[in-house]
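Working notes for the structure below.
Just so we're clear, the structure is a prediction, and the values are computed from it rather than from any experiment.
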Amino acid sequence: MASTDDDRRPKYQRIADSLREAIQSGDYGPGDRLPGENELMATHGVARMTARQALSVLRDEGVAEARKGAGVFVRAFRPLRRRGIQRLSQQQWGSGRSIWSADIENRALEVDQVSVSEEAAPDHVSAVLELGDEDTVCVRRRRFVLDGKPVMFATSYLPTSLVAGSAITQEDTGPGGTYARLAELGYKPVHFREEIRSRMPAKEEASQLSVSAGTPVILICRTAFADEGRPVEINEMTLDAASYVLEYDFDA
């Protein structure tokens with residue numbers, strides 16, 4: 001009998017697939033310990049390296065996490081559903097609510113790292129924001145932690161000439177956040193554009209998000225526009241791909 005495509009896959013991949021299926025079917029729930037290397041070696045008749053590679057696949061996918069001295073466990077963190085359209089509606093930030101409240105439900109969100117500074121604009125930012133050679137930007141850097149897990153860090157750039165002296169230059173921008181403050185300044189966002197890419201993380205990004213080097217990150221670059229197409233903010237976000245479901249819900 002001819003071999004099937006499944007038969008030709010590496011053994012470690014077949015073992016990883018069977019473990020993933022067991023997790024998806026509920027045989028292993030969040031926080032449960034997965035079979036260790038010795039168990040996988042005995043069950044599947046493979047070498048230790050093969051068993052180790054199988055568990056590594058699940059860790060790299062974000063399905064499982066290693067706990068030093070204890071083994072590999074099904075990841076207990078529930079992915080965050082990022083509602084890309086609802087979260088940016090004026091009804092959301094215009095009523096004083098954080099755009100994050102559209103995503104997190106009753107979960108605990110913390111911004112554990114915040115810095116605000118005035119800096120020279122990087123070339124690509126200057127081009128999009130249509131700045132002059134001497135113009136500077138207000139730079140807001142934040143890291144977001146959900147249920148104790150770092151899920152995203154973001155860097156926003158806004159023309160200093162627009163936001164100088166406003167709450168946007170403070171760590172706490174107040175109810176509704178940056179977009180509510182821009183509206184008060186006469187630069188209400190009326191249109192957004194998001195560009196999405198994915199790649200493997202740099203070492204510093206993996207450290208910031210507490211992910212293994214094999215877990216990809218999602219890069220979202222959002223530009224906010226005021227009336228007459230004036231760009232007023234660029235927000236560059238780096239997300240732990242295993243922590244997110246990106247949802248876009250809109251009418252035809």
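- Once rounded to the nearest 0.5 Å, the distance linking CG of Asn235 with CD1 of Ile220 reads 9.5 Å.
- Two residues are said to be in side-chain contact when any heavy atoms from C-beta on lie closer than 4.5 Å; Val139 and Ser156 fail this criterion.
- Residue pairs that meet the ring pair (Phe, Tyr, Trp, His ring centres under 6.0 Å) test with at least one member in residues 37-67, sequence neighbours left out, do not exist here.
- Between Gly84 and Tyr248 the shortest heavy-atom distance is CA-CE2, 3.8 Å.
- Within a 6.0 Å sphere centred on CZ of Phe250, heavy atoms belonging to other residues, nucleotides or ligands number 12 at most.
- Listed by first and then second residue, the side chain to side chain donor-acceptor pair (under 3.5 Å) pairs that reach into residues 123-134 are His124-Glu236, sequence neighbours excluded.
- Inter-residue side-chain proximity for Ile15 and Thr50 is flagged as met; some heavy-atom pair is nearer than 4.5 Å.
- Here Asp103 contributes atom CG and Glu247 contributes atom CD; the two are 9.0 Å apart, rounded to the nearest 0.5 Å.
- Counting only distance, with no hydrogens or angles, the side chain of Thr136 and the backbone of Ala120 share no donor-acceptor pair below 3.5 Å.
- Asp17 has no carboxylate O lying under 4.0 Å from a charged side-chain N of Arg14, or vice versa, which leaves the two without a salt bridge.
- Cluster annotation: Val63 and Val211 are assigned to distinct hydrophobic clusters (Ile/Leu/Val/Met/Phe/Trp/Tyr, side-chain heavy-atom contacts under 4.5 Å, transitive).
- Taking the charged nitrogens against the carboxylate oxygens, Asp112 and Arg142 have no contact shorter than 4.0 Å, which rules out a salt bridge.
- In this structure, Ser95 contributes its side chain and Gln91 its backbone to a donor-acceptor pair below 3.5 Å.
- Although no hydrogens or angles enter the test, the distance criterion places a donor-acceptor pair under 3.5 Å between the side chain of Glu205 and the main chain of Ala202.
- When side chains are defined from C-beta on, Glu37 counts as touching Leu55, because their heavy atoms get closer than 4.5 Å.
- We find that Glu194 and Arg87 are not joined by a salt bridge, their nearest charged nitrogen and carboxylate oxygen being 4.0 Å or further apart.
- Look at Lys149 and Glu110 and you find no salt bridge, because none of the NZ, NE, NH1 or NH2 atoms lies under 4.0 Å from a carboxylate O.
- Scanning both residues, Thr169 and Ala164, for their nearest heavy atoms gives CG2-CA, 4.3 Å.
- Distance check, rounded to the nearest 0.5 Å: CZ of Phe73 to CZ of Arg67 gives 5.0 Å.
- In this structure the side chain of Val72 never reaches within 4.5 angstrom of the side chain of Arg33, judged on heavy atoms.
- In this structure the side chain of Pro175 reaches within 4.5 angstrom of the side chain of Arg181, judged on heavy atoms.
- When the side chains of ILVMFWY residues are joined at heavy-atom separations under 4.5 Å, either directly or via intervening members, Phe144 and Ile99 end up in a single hydrophobic cluster.
- A heavy-atom distance below 4.5 Å is not found between the side chains of Pro150 and Gln208.
- Using a 4.0 Å cut-off between charged side-chain N and carboxylate O, Arg75 and Asp240 make a salt bridge.
- Aromatic rings of Phe192 and Tyr179 (six-membered ring for Trp) have centroids within the 6.0 Å cut-off, being under it.
- Checking side-chain atoms of Glu39 against main-chain N and O of Gly36 turns up a donor-acceptor pair under 3.5 Å.
- The shortest distance between side-chain heavy atoms of Tyr28 and Pro35 falls below 4.5 Å.
- To the nearest 0.5 Å, the span separating CZ on Arg83 from CG on Leu88 amounts to 13.5 Å.
- Separation of atoms OG1 (Thr160) and CD (Glu118) is listed at 4.0 Å; rounding is to 0.5 Å.
- Here the CG atom belonging to Leu146 is positioned 8.0 Å from the OG atom belonging to Ser243, to the nearest 0.5 angstrom.
- The backbone N or O of Leu40 sits nowhere less than 3.5 Å from a side-chain atom of Thr43 that would complete a donor-acceptor pair.
- Taking each heavy atom of Leu185 and Val163 in turn, the nearest pair found is CD1-CA, 4.2 Å.
- With hydrogens and angles disregarded, a donor-acceptor distance shorter than 3.5 Å links the side chain of Arg140 to the backbone of Ile168.
- Across Val116 and Cys138, no two heavy atoms sit closer than the pair CG1-SG, 3.8 Å.
- Between Leu209 and Phe153, the closest side-chain pair of non-hydrogen atoms falls below 4.5 Å.
- Linking ILVMFWY residues whenever their side-chain heavy atoms come closer than 4.5 Å, directly or via other members, leaves Val232 and Val125 in distinct clusters.
- In plain terms, the two heavy atoms of Val151 and Tyr244 that are nearest each other are O-CE1, 3.3 Å.
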